[in-house]
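Throughout, protein chains are lettered first and strands after them, A, B, ... in sequence-line order, and every chain is numbered starting at 1.
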Protein chains: 2
Amino acid sequence: MKDVAAVAGVSLATVSRVVNDVPVDPVLAGRVQDAVTRLGYRRDAAAAGLRRANRSSASIGIVLDDVANPFFSAVHRGLEEVARARGVLIFSGSSDDDPALERDLALSFSAHGVDGLVIVPAGTDHRYLERERAAGIALVFVDRPPQRILADAVLTDNAGGVRDAVAHLLAAGHRRIGYLGDRSHIFTAAERLGGYLARGEESLVRMDLVGSEAAERGALELLQGPDPPTALICGQNHLTIGALYALRALGLEAEVALVGFDDIPLGGLVRPGVTVVAQDPVALGRHAAELLFARLEGDDSPPRRIVVPTRLIARGSGEIRPSDRMRS
Amino acid sequence: MKDVAAVAGVSLATVSRVVNDVPVDPVLAGRVQDAVTRLGYRRDAAAAGLRRANRSSASIGIVLDDVANPFFSAVHRGLEEVARARGVLIFSGSSDDDPALERDLALSFSAHGVDGLVIVPAGTDHRYLERERAAGIALVFVDRPPQRILADAVLTDNAGGVRDAVAHLLAAGHRRIGYLGDRSHIFTAAERLGGYLARGEESLVRMDLVGSEAAERGALELLQGPDPPTALICGQNHLTIGALYALRALGLEAEVALVGFDDIPLGGLVRPGVTVVAQDPVALGRHAAELLFARLEGDDSPPRRIVVPTRLIARGSGEIRPSDRMRS
DNA sequence: TTGTAAGCGTTATCAT
DNA sequence: ATGATAACGCTTACAA
């Protein structure tokens, strides 16, 4: 910038003004522009933020569970869409569901001067962010609510989605509906179980299933037990896949109804097509970013909680009616 | 840091030394550590980089085609693994295959002071990066090679993967093998077509198919034409899915063999299972990051090109032998 | 409108 | 080993 000023024959301040479109004599502005292009000058964003009044860096940080997980990468995409429109850059990282990593990442981002933080929480105590917020960093939580700190959150309507699944199966005539769920200490897993229990039977629940193999075993247990369910609801992606394998192993894919939570790719190619309660991760990301930027622009209303609805996609497996064989 | 110095009763320089583990009297160091934790001080990475000799920021930027595409998000993950081990943060963004966006992102990252750039190129002229490289920014290209600039690249063995697919089908007895490909101006699409043409027939090729619907039409055309192929190779993910729908529509899933390039999720649940030539995107990312950090650490050998092999995963569809009906 | 100069939080140089 | 101080590239009072 010093060089630009020298070449254009103006002061440092004038170059800064031109670069930040502060009104400047058109003649001088022209000279500066010429010098800028001639020297290929680009302003150092880090240094600029350092001195700026609000210390803003036009960057935010996002802590996801796993950037490579399609659900979270879709959230990432939603965030990116709205950040891009504002020329804001994104630091991203995966916590792998490790509270210590979540913390490290969030604080590293903060140390690098981000204006805001979007977090898919892994930890259960977010008081460590109190200081960042006091420093003016905006905070939004996604998919899971913050704990021990007050902050905005954008969540999926987990309970409502499962209630819809139950209602859908009930309407098809099912009376015995099984439920396969993830580790119950996980917020979303607990919420979904809650949605099931509103009208479901506790004895047909298998929780704390992690991974598709566990789900397959859980499903086999349920289906081979006495008085087996005529329909299954799976609380998560991988569990749905496990249940699919179990049904196939027993030759029951056309007999027992199945509704999965969270869409699965190629759900339409499998036979029968897999009926799911789909989430909208891109919307989750978009809402989170909008909340974040609103805070950055001065909105200081009380913490908000946005709940994104789910959508039931009927593809066949959820529309199977209870067979006579099973009902007997 | 000023405050820490005051509280600890030492100079600014000493605090800086403690923070950067430069040898310091243990007593003073202790006092500084106390002050640091008491005040909750954390060093400002941006300001530190500004003054540091090598101006390093412990951050890199990656320009992907689309962060939400499972292939690229796996690349992202591979990059993250090795960056995390070095405490390096990652700016990420999607170019959506738009050369202008690629450029904007790369230059924005650079303006924010990244030490290196990993790029999945969308553009066909990367001379705009010459200046960044001259400024000491390391450059590595992934999945597609750089153009009009010399730089490291990490690529999949596209041609080799398709050659393997052809050999696999030939070994199963097929003589007429069709090929469905993406837009031929895309580097990877051209390479894969090249792999096919080594032993394939030009008349059975359908290129410039974008999206699964186009692939479905292309496949139907080939399969309903005179002297149809007994096997199909699909040059890309979505094309494989389109072909799958076409085969299902014609009731030929068990008659016509199919090998897809790039793995598809749930490839094992569809009947028959989908045989694919799988890429290793995580390895792509890991290699790229390793190359980048080697450059950052001073390696100035000539630009390298790393080729990552593919792996054929047999799941059924590629092992179908030519039926009599088709062969007649 | 333009220039001068102070200062953002840090590291590096140079005495001590 | 420690401290005073200049400097990094930039924005922003304040003065002209």
Side-chain angles (χ1 to χ4, degrees), chain A residues 1-33 35-36 39-59 107-115 131-132 135-137, chain B residues 1-33 35-36 39-59 107-115 131-132 135-137:
Chain A
M1 179 149 149
K2 223 172 33 198
D3 304 337
V4 174
V7 169
V10 300
S11 78
L12 214 58
T14 301
V15 179
S16 174
R17 291 184 183 109
V18 172
V19 170
N20 294 288
D21 350 270
V22 174
V24 152
D25 182 287
V27 179
L28 292 194
R31 292 221 307 268
V32 171
Q33 284 298 3
V36 164
L39 299 178
Y41 166 81
R42 269 185 307 271
R43 120 153 149 293
D44 179 325
L50 186 60
R51 191 57 180 82
R52 222 190 313 265
N54 54 0
R55 302 208 21 67
S56 87
S57 65
S59 69
L107 294 182
S108 296
F109 291 157
S110 162
H112 277 255
V114 297
D115 302 335
R131 187 138 32 202
E132 318 307 307
I137 294 184
Chain B
M1 177 150 150
K2 225 173 30 200
D3 304 336
V4 174
V7 170
V10 300
S11 78
L12 215 58
T14 299
V15 178
S16 175
R17 289 185 184 108
V18 172
V19 170
N20 295 287
D21 347 271
V22 174
V24 152
D25 183 290
V27 178
L28 291 193
R31 292 222 307 270
V32 171
Q33 285 298 5
V36 163
L39 300 178
Y41 165 82
R42 266 186 309 271
R43 126 152 142 292
D44 179 325
L50 183 60
R51 192 56 181 86
R52 222 190 315 262
N54 54 0
R55 306 217 6 73
S56 87
S57 65
S59 70
L107 294 183
S108 296
F109 291 157
S110 162
H112 277 257
V114 298
D115 301 335
R131 188 142 30 207
E132 318 308 307
I137 294 184

Contact boundaries on DNA chain C for chain A, cut-off under 4.0 Å to non-hydrogen atoms: dT1(C) to dG9(C)
Which parts of nucleotides 6-11 of chain D does protein reach within less than 4.0 Å, heavy atoms only, written one letter per nucleotide 5' to 3' as B for base, S for sugar-phosphate only and - for none? BBBBBB
Between S57(B) and G113(B), is there a donor-acceptor pair closer than 3.5 Å when you use the side chain of the first and the backbone of the second? yes
By side-chain contact (heavy atoms from CB on, under 4.5 Å), A111(A) pairs with (sequence neighbours left out) none
At their closest point, which heavy atom of S59(B) faces which heavy atom of H112(A), and how far apart are they? CB-CE1, 4.4 Å
Return the set of residues passing side-chain hydrogen bond (donor to acceptor under 3.5 Å, both in side chains) with R131(B) (not counting sequence neighbours), or none when no residue passes. none
Would you write the dot-bracket representation of DNA chain D, where each base gets (, ), [, ], | or . depending on whether it forms a Watson-Crick or G-U pair under 3.5 Å and with which partner? ||||||||||||||.|
Closest approach of A35(B) and V7(B), non-hydrogen atoms and distance? CB-CG1, 3.7 Å
In terms of heavy-atom contacts, A47(B) and L50(A) come closest through CB-CD1, 3.8 Å
Is there a donor-acceptor pair closer than 3.5 Å between any side-chain N or O of R17(A) and the backbone N or O of V22(A)? no
Can you list everything that forms a salt bridge (Lys or Arg N to Asp or Glu O under 4.0 Å) with R55(B)? Sequence neighbours excluded, please. D44(A)
For the atom pair CZ (R52(A)) and CG (N20(A)), what is the distance rounded to the nearest 0.5 Å? 6.5 Å
Non-hydrogen side-chain atoms of L107(B) and E132(B) separated by less than 4.5 Å: yes
Would you say a side-chain N or O of T14(B) is under 4.0 Å from OP1 or OP2 of dG3(D)? yes
